[in-house]
Amino acid sequence: MDHTIPPKEFKWTPGDLIKENFKLGENGHVCVVLNRKIQVPSHVVKLLWKNAIVRCAVDGGSNHWRDFVISQGDGKNTSPTKSKGAKDAEANTALIAPPDVITGDFDSITEETVEFFKTTPKIHTPDQDATDFTKAINVLLPVMEQRKVQDVVVFNDNSGRLDQLMANLNTLYKVQKDNCKVYLLSGDSITWLLRPGKHTIQIPLDLVTGQRWCSLMPIGAMAHNVTTTGLKWNLYHAQMEFGGMVSTSNTYSTEFVQVETDANLIWSMGAYDFEEKIR
Ligand SMILES: Cc1ncc(C[n+]2csc(CCOP(=O)(O)OP(=O)(O)O)c2C)c(N)n1
Ligand SMILES: O=c1ccn([C@@H]2O[C@H](COP(=O)(O)O)[C@@H](O)[C@H]2O)c(=O)[nH]1
């Protein structure tokens, strides 16, 4: 008799984040803004933000959210006594919801931003043994559990500090559990953690035909047994580790990619259409 426990199965539809519903999960998603300039296409940001059930800006992320709101100015407010920036800010504050909460150790939020979001509750998370991002997720988790929300959409960017980038990936590992899926959205990519199990990722067709890049990275520990289908360069019961096999610059052979892994892997894929612009 075969006593092997079948692998956990996970299904992923990144198209929901990029171009289709801009809504995740049965009970919706939460949005988090980190301390980097927002490079995700603005229509994607606005729709994901609008559809979020909770919106959180993390410390300096609130400065970037303020900049984003102002940059979306449509000049609807025509008061002659105010500067264009102030008018746009007012118009967009009405159009784009402010964060529901701002968290952090507050070493980066500016006084101007505090004033701009003066009605938004601020939760101080002073612990210096965890990043503001990890602490923000920990603030959000009880609300997510209560509202049966599993998905967290994070506006970050892969530019900036390498240590913060690594810490952001570490947060994906730290908060992994069945009822929490965290996606990092940057200027041209989406990144999340594949836990041990069998994953089916439905790739938007234009990314398949456009042969956009994707990658599987064994960060932190070796994976002893990784098998994939649907990629151009597949793995078969392969061992992956830093210093050995790391699957970068891969791409798709079909719409459905399957990854079966015995250890955590970071999946990152190109998204959006403006790779040329930021090259
Ligand atoms: C071994 C160890 N190394 C480094 C730190 C320092 N440290 C880790 S997380 C953290 C908070 C970082 O805060 P965050 O707001 O995420 O980033 P910041 O922009 O303030 O650097 C600090 C200070 C520590 N507590 N322990
Ligand atoms: O270069 C960076 C800097 C920061 N982050 C993320 O933003 C939060 C908040 O940062 P603060 O500097 O405290 O405002 C931080 O925890 C990181 O997750 C980043 O990704 N890249």
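Ligands are counted one by one from 1 in listed order, and the atoms in each one are counted from 1 as well. Since we're looking at a predicted model, the values are computed, not measured.
- Comparing K37, Q164, K135 by heavy-atom distance to atom 15 (C) of ligand 2, the nearest is Q164.
- Using cut-offs of 30° and 60° for the angle between ring planes, the Y183 and W12 rings count as perpendicular.
- Nearest protein neighbour of atom 2 (C) of ligand 2, counting heavy atoms only, is R36 CD, 3.3 Å.
- Taking any N or O of D105, backbone or side chain, none lies under 3.5 Å from an N or O belonging to ligand 2.
- Set against the non-hydrogen atoms of T131, the atoms of ligand 2 under 4.0 Å away are 16 (O).
- Looking only at atom types and distance, the side chain of N156 has no donor-acceptor partner in the side chain of S186 under 3.5 Å away.
- Inspection of the N168 and T171 side chains reveals no N or O donor paired with an N or O acceptor under 3.5 Å.
- One N or O on the side chain of T251 and one on the backbone of R212 form a donor-acceptor pair closer than 3.5 Å.
- Applying the 4.0 Å criterion to heavy atoms of F133 picks out, from ligand 2, the atoms 16 (O), 18 (O).
- Both the backbone and the side chain of R161 come within 4.0 Å of ligand 2, counting heavy atoms alone.
- Shortest contact from atom 13 (O) of ligand 2 to any protein heavy atom: D132 OD2, 3.1 Å.
- From K198, atom NZ reaches atom OG1 of T261 across 13.5 Å, with rounding to the nearest 0.5 Å.
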Which N/O atoms of ligand 1 sit under 3.5 Å from a protein N/O, and at what distances?
from: ligand 1; atom 1: 7 (N); to: Q128; atom 2: O; distance (Å): 3.1
from: ligand 1; atom 1: 15 (O); to: D132; atom 2: OD2; distance (Å): 2.8
from: ligand 1; atom 1: 16 (O); to: D132; atom 2: N; distance (Å): 2.9
from: ligand 1; atom 1: 17 (O); to: Q164; atom 2: NE2; distance (Å): 3.1
from: ligand 1; atom 1: 19 (O); to: Q164; atom 2: NE2; distance (Å): 3.1
from: ligand 1; atom 1: 20 (O); to: D107; atom 2: OD2; distance (Å): 3.0
from: ligand 1; atom 1: 21 (O); to: R161; atom 2: NH1; distance (Å): 3.4
from: ligand 1; atom 1: 21 (O); to: R161; atom 2: NH2; distance (Å): 3.4
from: ligand 1; atom 1: 25 (N); to: Q128; atom 2: O; distance (Å): 2.7
from: ligand 1; atom 1: 25 (N); to: D129; atom 2: OD1; distance (Å): 2.7

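- Polar contact with ligand 2: present for N35 (N/O pair, distance under 3.5 Å).
- Summarising the geometry, atom CZ belonging to R36 is positioned 9.5 Å from atom CG belonging to L165; distances are rounded to the nearest 0.5 Å.
- Below 30°, between 30° and 60°, or above 60°: for W267 and Y252 the angle between ring planes is between 30° and 60°, a tilted geometry.
- Note: the hydrophobic cluster containing L194 does not contain V246 (ILVMFWY, side chain heavy atoms under 4.5 Å, direct or indirect links).
- Below 3.5 Å of separation, one finds no N or O of D157 facing any N or O of ligand 2.
- In this structure, V58 is not a member of the same hydrophobic cluster as F155, with clusters built from ILVMFWY side-chain heavy atoms closer than 4.5 Å.
- Under the 4.5 Å side-chain heavy-atom criterion for Ile, Leu, Val, Met, Phe, Trp and Tyr, I53 and I102 are members of distinct hydrophobic clusters.
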>> Let's go through E115 and R66 carefully: what are the C-alpha distance in whole Å and the side-chain angles of both, what is the deciding distance for salt bridge (Lys or Arg N to Asp or Glu O under 4.0 Å) to 0.1 Å, and is it a yes or a no?
In response: CA-CA 11 Å; E115 174 60 22; R66 174 175 173 273; over 6 Å; no
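- Of all atoms in ligand 2, listed by their number and element, those nearer than 4.0 Å to a heavy atom of D107 are 13 (O).
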Just distance, no hydrogens or angles: give the donor-acceptor pairs under 3.5 Å from side chains in residues 23-30, sequence neighbours left out.
from: N27; atom 1: ND2; to: K148; atom 2: O; distance (Å): 2.8
from: H29; atom 1: ND1; to: L24; atom 2: N; distance (Å): 3.4
from: H29; atom 1: NE2; to: L48; atom 2: O; distance (Å): 2.8

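- Residue-ligand proximity, S108 to ligand 2, at heavy-atom distances under 4.0 Å covers atoms 11 (P), 12 (O), 13 (O), 14 (O).
- At least one heavy atom of N168 sits closer than 4.0 Å to an atom of ligand 2.
- With a heavy-atom cut-off of 4.0 Å, L165 does not touch ligand 2 at all.
- Ligand 2 has no N or O atom lying under 3.5 Å from any N or O atom of L34, backbone or side chain.
- The backbone N or O of L193 sits nowhere less than 3.5 Å from a side-chain atom of Q176 that would complete a donor-acceptor pair.
- Residue V58 has no N or O atom closer than 3.5 Å to an N or O atom of ligand 2.
- Counting the atoms of ligand 2 from 1 in the order shown, those under 4.0 Å from a heavy atom of G60 are 14 (O).
- Rounded to the nearest 0.5 Å, atoms CG (L235) and CG (L216) are 7.0 Å apart.
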